[in-house]
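A quick write-up on the structure given underneath.
Indexing begins at 1, ligand by ligand and atom by atom, following the structure's order. Hydrogens, waters and symmetry mates play no part in the numbers below; they use all other heavy atoms, side chains included.
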Amino acid sequence: MTSAERPFRVGLLGHGTVGSAFAALLDERADEIAAVTGLRPQLAGVLTRSRGDFGEILAGSDLVVELMGGLDPAREHVLAAMAAGKHVVTANKQLLSQHGEELWDAAREHGVQLRFEAAVAGVVPVIRVVQESLAAAHIDRVHGIVNGTTNLILTEMARTGATFAEALADAQRLGYAEADPSEDVDGRDAAAKMAILARLAFSTPVRLDQVPYEGIEHITPDDLEYAREFGLGLKLLGTAERVNGGLSVRVHPAFLYAGHPLASVAGPYNAVTVESEAITEITMSGPGAGGPQTASAVLGDVISAMIPPASTPETTAALPLVDDVQSAFYLHMEVADEPGVLAQVAQILGLQGASIKSVVQKGLGDDARLVMVIHPILESKFLAARELIGRLDFLRSAPRAIRVIEEEFL
Ligand SMILES: NC(=O)c1ccc[n+]([C@@H]2O[C@H](COP(=O)([O-])OP(=O)(O)OC[C@H]3O[C@@H](n4cnc5c(N)ncnc54)[C@H](OP(=O)(O)O)[C@@H]3O)[C@@H](O)[C@H]2O)c1
């Protein structure tokens, strides 16, 4: 340490995949950070289930990094650190998507920073861009591929024709999917990230339990074959957008036209598109997860907290949350190959006000596959029609639906 440098003590809660990578990176980059900031970062202590004492670590830290995950004791520790006047950096999307308002209020009350770039979209600096660079842009819509595991699975299903189960097993073998992948594949992980992103982009409190989500477990090779035939991409898409004076936040699989900026995002990558009249559209993409990558985003936050203060999100222009939005749909049915089938399906759709954009029928022996694309319609109306179609005798299995994003960015 040179005589002009002062130490900056970092308390580390959690030393797993990200925590251990962060500790190594902090050590590796200490000289460069000291040269830029005049402060030399050093670990003040590490807390795991088997070592460290939270009280001692807190007393000896200028800033606390929370990389334990889960709600408790992460929430209590983060609140205690802020109450003690320490800045906090966390990568914990569960915590922020369920207790964000309480934590941001505490940060405001105690005049400390709460930074969380690594909680959403991995290394992609979307939080910083939305919170700082686009603070003056009136954002209309945010679209995100915010779960790398599901994007890898869909990419592999499209590339190789594998089933969901086969592609998931491959992702697990390669270390891209956890032994228990349920929060990734059922869309809940992406919903937590979209709740945080929507909160920042629209100054509106959004909790995880207010975000409807659907996963990719039901996607079949047929759906991807259809996508290939029609030049579409199939993605697990998070959306937060202004609708009818309110805000809709949701996660579901969706077909995208090839010109959409997210259509070509492949493998375990994340990408977020922000749309606003002022900026038209910007897209950021990069690795979605991984210890060293996430640690790098965490260290970026630590360095920012060492320099000048950032604002905490306000709720001045909060919007009502909207549940029901218009979507175009792809509808996939396995039916008996007999007269009148198409007419009955079309009649049910028509009664709900759904109009058919295209139909493709393929014979499968005594049965047939019927695939339709429905023009944009209120989701509640489409789902009511699907429910009725599902009760028809000639259906061989439950009809399946995937949203279609119709805009092309050329
Ligand atoms: N992994 C990624 O690629 C990634 C990407 C983005 C964000 N994140 C987020 O980063 C955070 C950490 O994830 P991770 O993958 O590094 O988790 P991890 O490998 O499971 O590590 C968790 C660490 O926290 C410690 N810990 C857990 N509960 C504790 C408790 N009650 N008391 C004390 N220590 C406790 C564990 O201690 P022991 O060592 O004693 O078990 C372990 O050291 C999570 O919020 C996660 O969502 C992870």
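- Counting only heavy atoms of the protein, atom 21 (O) of ligand 1 lies nearest to G16 CA, 3.3 Å.
- Looking at R49, Q94, K193 and measuring to atom 30 (C) of ligand 1, the nearest heavy atom belongs to R49.
- Considering I303, T37, L63 as possible partners of F8, the one that fulfils the side-chain contact (heavy atoms from CB on, under 4.5 Å) test is L63.
- H15 N, 2.8 Å is the protein heavy atom nearest to atom 43 (O) of ligand 1.
- A perpendicular orientation is assigned to the rings of F255 and Y330, their planes being inclined by more than 60° (bins at 30° and 60°).
- In this structure, atom 17 (O) of ligand 1 is not in close contact with the protein, since no protein heavy atom lies within 4.0 Å of it.
- Heavy-atom separations between G122 and ligand 1 are all 4.0 Å or longer.
- Comparing L67, V298, T149, L96 by heavy-atom distance to atom 12 (C) of ligand 1, the nearest is L67.
- F329 and E379 get closest at one heavy-atom pair: CZ-CG, 3.9 Å.
- Atom CD1 of I57 sits about 8.5 Å away from atom NE2 of H77, to the nearest 0.5 Å.
- Nearest to atom 31 (N) of ligand 1 among the protein's heavy atoms is P73 CD, 3.2 Å.
- The distance from atom CG of L43 to atom CG of D27, rounded to the nearest 0.5 Å, is 8.0 Å.
- With a 4.0 Å cut-off on non-hydrogen atoms, K93 touches ligand 1 through its side chain and not its backbone.
- When T294, N270, V18 are checked for heavy-atom proximity to atom 13 (O) of ligand 1, V18 turns out nearest.
- Polar contact check, G291 against ligand 1: no nitrogen or oxygen pair lies under 3.5 Å apart.
- When hydrogens are left out, the protein atom nearest atom 22 (C) of ligand 1 is M68 O, 3.6 Å; that is the closest non-hydrogen contact.
- Closest to atom 3 (O) of ligand 1, if we only count protein heavy atoms, is G290 N, 2.9 Å.
- Polar contact with ligand 1: absent for A289 (N/O pair, distance under 3.5 Å).
- At the top of the distance list for atom 19 (O) of ligand 1, counting protein heavy atoms only, stands T17 N, 2.9 Å.
- A donor atom on one side chain and an acceptor atom on the other are found under 3.5 Å apart for S380 and D324.
- Defined by atom type and a distance below 3.5 Å, a donor-acceptor pair is missing between the side-chain atoms of D301 and S304.
- Using modelled atom types and a 3.5 Å distance limit, the side chains of R400 and T220 yield a donor-acceptor pair.
- Residue contacts with ligand 1: D72 is placed with no nitrogen or oxygen under 3.5 Å of a nitrogen or oxygen of the ligand (distance criterion only).
- Here the heavy atom of the protein found nearest to atom 25 (C) of ligand 1 is G14 CA, 3.9 Å.
- Remark: minimum distance from atom 44 (C) of ligand 1 to any protein heavy atom is reached at G69 CA, 3.6 Å.
- Closest heavy-atom contact between A81 and L58: CA-CD1, 3.6 Å.
- Between N92 and T90, the side chains place no donor N or O within less than 3.5 Å of an acceptor N or O (distance only, hydrogens not considered).
- Side chains of T283 and E281: a donor-acceptor N/O pair is present below 3.5 angstrom, by distance only.
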